[in-house]
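A quick write-up on the structure given underneath.
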There are 2 protein chains.
Amino acid sequence: MCLVSTSNGTRRRPGRFPRARRTTPRRTRYHHGDLRDALLKAAVELVEELGPDGFTLREAARKVGVTHTAPYRHFADRDALLVAVAEEGFQGLHAAALARLAGLTEPRQRLQALGIAYVEYAVAHPSHFRVMHGGVADACSDPAFVQAKAATFGLLIEIVGACEAAGLIPAGSVPRYALSAWATVHGLADLLMSGAAHRMGLADGSVEAIAREVTANVISGLRTP
Amino acid sequence: MCLVSTSNGTRRRPGRFPRARRTTPRRTRYHHGDLRDALLKAAVELVEELGPDGFTLREAARKVGVTHTAPYRHFADRDALLVAVAEEGFQGLHAAALARLAGLTEPRQRLQALGIAYVEYAVAHPSHFRVMHGGVADACSDPAFVQAKAATFGLLIEIVGACEAAGLIPAGSVPRYALSAWATVHGLADLLMSGAAHRMGLADGSVEAIAREVTANVISGLRTP
DNA sequence: CCTACCGATCGGTAGG
DNA sequence: CCTACCGATCGGTAGG
């Protein structure tokens, strides 16, 4: 039988593992916003170790060195903390995309740059990425979250729209191509994050190089203008 | 705040929800293999409702109508049941792919058919698909599981290899194109399963039609022979 | 931000 | 396949 329960840390459930004792020294006091930030950071680390479902408020508190009820001063409940992570994630992804797009005007180059930014962000911030696309974010209507998400998605539509305007894709096919482009980088991100691509011997080179190659294949499917 | 804890069923943690009482009448007795199959089926349903991490052995037992220790007669532990689901999944995907490939000889058609089968299988069997790519399966060395997984992956390599032989892709680029093709359908599967594609207005039409369009975009990036 | 507590699970073992 | 149990969590509330 596969000894997954001990060889990976994806899950954490009552009564299966002894809980690690406090590793971080307890701070004497937290200033305004200090504990909030510390909890956010702890949450990101825990999601990376245990997955979004394995994350618990109590362990985040433990990690930061406060009582398990202290987080309720800053977050209404467990999901609120995860939503904050997701929001931070969309803002970070948006910023990373803008940085990669800076100075590029040619639609195909921009589409590729957006894709590379997407994959790079996911691999560099797997916890954020997973929470962004997890169940917590799905039903969320938090304004800041929704705004950050829409802005990022807007970049994709804008760039594919520019491809259409340039005659690189058939008129009216923006949704189809947007979905194709998104699916490709989204899947690549997942296959790289999970290690599946590597296990199958398909992930040689840097993340950027891999993303560049894979997105190039998508680009090459466009018309010549 | 986002009321995710009540609006979606992705998670299940101690003390958050009242547990539903037995809905299935308790069987008087199970024949050999009968309970095993019933537990497998229950596990699939539970993963669909709660995700792989939310699945518990106790709830599966409850759903089937036996004591929470009865499953240990058929599965060594919780992970063993999930591995069985993953194995069933890879066998199902492999069979679905073979069915779609039957009669097709042209490499591009075969690549597209494989991709469509992948996406259709994922959408039709989301629980299996999630478990197949989840943490439980990663570290698993169960022979039947490994074999079913390798057979499915082998189809991809074989078909992309045929594309190479036909001059549709540059010599030596099988890994790169295999990764591209896989990433695209893997990402599409995820975006369709999670509802993200639909929420963004990018998922009009049947799953087959969407998968056909998206894979067509990949195919169009190949050389003309 | 803390102490004390509650109700509800869970995975797993002992022993039949 | 069942009864009885154990140890370990968890999210959350009361009340300060």
Side-chain angles (χ1 to χ4, degrees), chain A residues 1 3-6 9-22 24 26-39 43 46 50-82 136, chain B residues 1 3-6 9-22 26-39 42-43 46 50-82 136:
Chain A
M1 198 36 56
L3 304 173
V4 209
S5 43
T6 58
T10 301
R11 255 163 290 97
R12 173 74 52 112
R13 200 167 283 94
R16 302 188 81 196
F17 302 88
R19 208 43 104 143
R21 280 301 107 202
R22 194 194 312 283
T24 314
R26 185 198 297 264
R27 302 271 309 264
T28 48
R29 181 134 307 200
Y30 280 96
H31 297 83
H32 294 296
D34 215 31
L35 176 54
R36 188 181 190 278
D37 288 346
L39 286 169
L46 286 174
L50 313 165
D53 288 3
F55 161 77
T56 67
L57 257 191
R58 286 173 106 106
E59 180 120 22
R62 211 174 282 134
K63 190 160 192 156
V64 166
V66 294
T67 308
H68 77 272
T69 54
Y72 290 96
R73 299 281 290 179
H74 300 275
F75 300 96
D77 53 26
R78 177 188 180 277
D79 288 336
L81 214 182
L82 287 182
V136 186
Chain B
M1 197 36 56
L3 304 173
V4 210
S5 43
T6 57
T10 301
R11 254 165 289 96
R12 172 76 54 112
R13 201 166 282 95
R16 301 187 82 198
F17 301 87
R19 204 49 100 143
R21 280 301 108 203
R22 193 195 311 286
R26 183 198 296 266
R27 302 269 311 262
T28 48
R29 180 135 307 201
Y30 280 95
H31 296 83
H32 292 298
D34 216 31
L35 176 56
R36 189 181 189 279
D37 288 346
L39 286 169
L46 286 174
L50 313 165
D53 288 3
F55 161 77
T56 67
L57 258 191
R58 286 174 105 106
E59 180 120 22
R62 211 174 283 133
K63 190 159 191 157
V64 166
V66 295
T67 307
H68 76 272
T69 54
Y72 290 96
R73 300 282 289 178
H74 299 274
F75 300 96
D77 53 26
R78 178 187 180 277
D79 288 336
L81 214 180
L82 287 182
V136 187

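Residue numbers start from 1 in every chain, and the chains themselves are labelled A, B, ... in the order their sequence lines are given, proteins ahead of strands.
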Taking CG from B:Leu81 and C1' from C:dG12, how many angstroms apart are they, rounded to a whole number?
15 Å
Keeping the roles fixed (side chain from A:Arg78, backbone from A:Phe55), state whether a donor-acceptor pair exists under 3.5 Å.
yes
Is there a side-chain contact between A:His74 and A:Leu35 (heavy atoms, below 4.5 Å)?
yes
With a 4.0 Å limit, can you tell me whether B:His68 has a side-chain N or O closer than that to the phosphate oxygens OP1/OP2 of C:dT9?
no
Give each stem of DNA chain D as a range with a range, requiring at least 3 consecutive Watson-Crick or G-U wobble pairs whose two distances are under 3.5 Å.
C:1-16 with D:1-16
When you check the phosphate oxygens OP1 and OP2 of C:dT3, does a side-chain N or O of A:Thr67 lie under 4.0 Å from one of them?
yes
Looking only at heavy atoms, the pair that brings A:Pro71 and A:Ala61 closest together is CG-CB, 3.8 Å
To the nearest Å, how far apart are A:Arg36 CZ and C:dC1 C1'?
17 Å
In whole Å, I'd like the distance from the CZ atom of B:Arg58 to the C1' atom of D:dC2.
13 Å
Nearest-angstrom distance from the residue atom CG of A:Leu57 to P of C:dC2:
14 Å
Distance check, rounded to the nearest 0.5 Å: A:Tyr72 atom OH versus A:Thr67 atom OG1?
12.5 Å
Rounded to the nearest Å, what distance is computed from the CG atom of residue B:Asp77 to the P atom of nucleotide C:dG11?
10 Å
So does B:Arg78 get a side-chain nitrogen or oxygen closer than 4.0 Å to the phosphate oxygens (OP1/OP2) of C:dG11?
yes
Output all residues satisfying side chain to side chain contact (heavy atoms under 4.5 Å, CB included) with B:Arg58, sequence neighbours left out; order by chain, then residue number.
B:Thr56, B:Arg62, B:His68
What are the two closest non-hydrogen atoms of A:Ala76 and A:Ala80, and how far apart are they?
N-CB, 3.9 Å
Take atom CG of A:Asp79 and atom P of D:dG11, then tell me their distance rounded to the nearest Å.
10 Å
Interatomic distance, B:Leu57 atom CG to B:Leu39 atom CG [nearest 0.5 angstrom]
8.0 Å
Nearest whole Å is fine: how far is D:dG11 P from A:Arg73 CZ?
19 Å
Report the residue (A:Thr69 or B:Ala70) whose heavy-atom-nearest nucleotide on DNA chain D is the more 5′ of the two.
B:Ala70
Check whether any side-chain N or O of B:Tyr72 sits under 4.0 Å from OP1 or OP2 of C:dG12, and answer yes or no.
yes
In this structure, how many angstroms lie between the P atom of D:dC2 and the CZ atom of B:Arg62, rounded?
14 Å
From the options C:dG11, D:dG12, D:dT3, select the nucleotide whose nearest atom is closest to the side chain of B:Thr56.
C:dG11
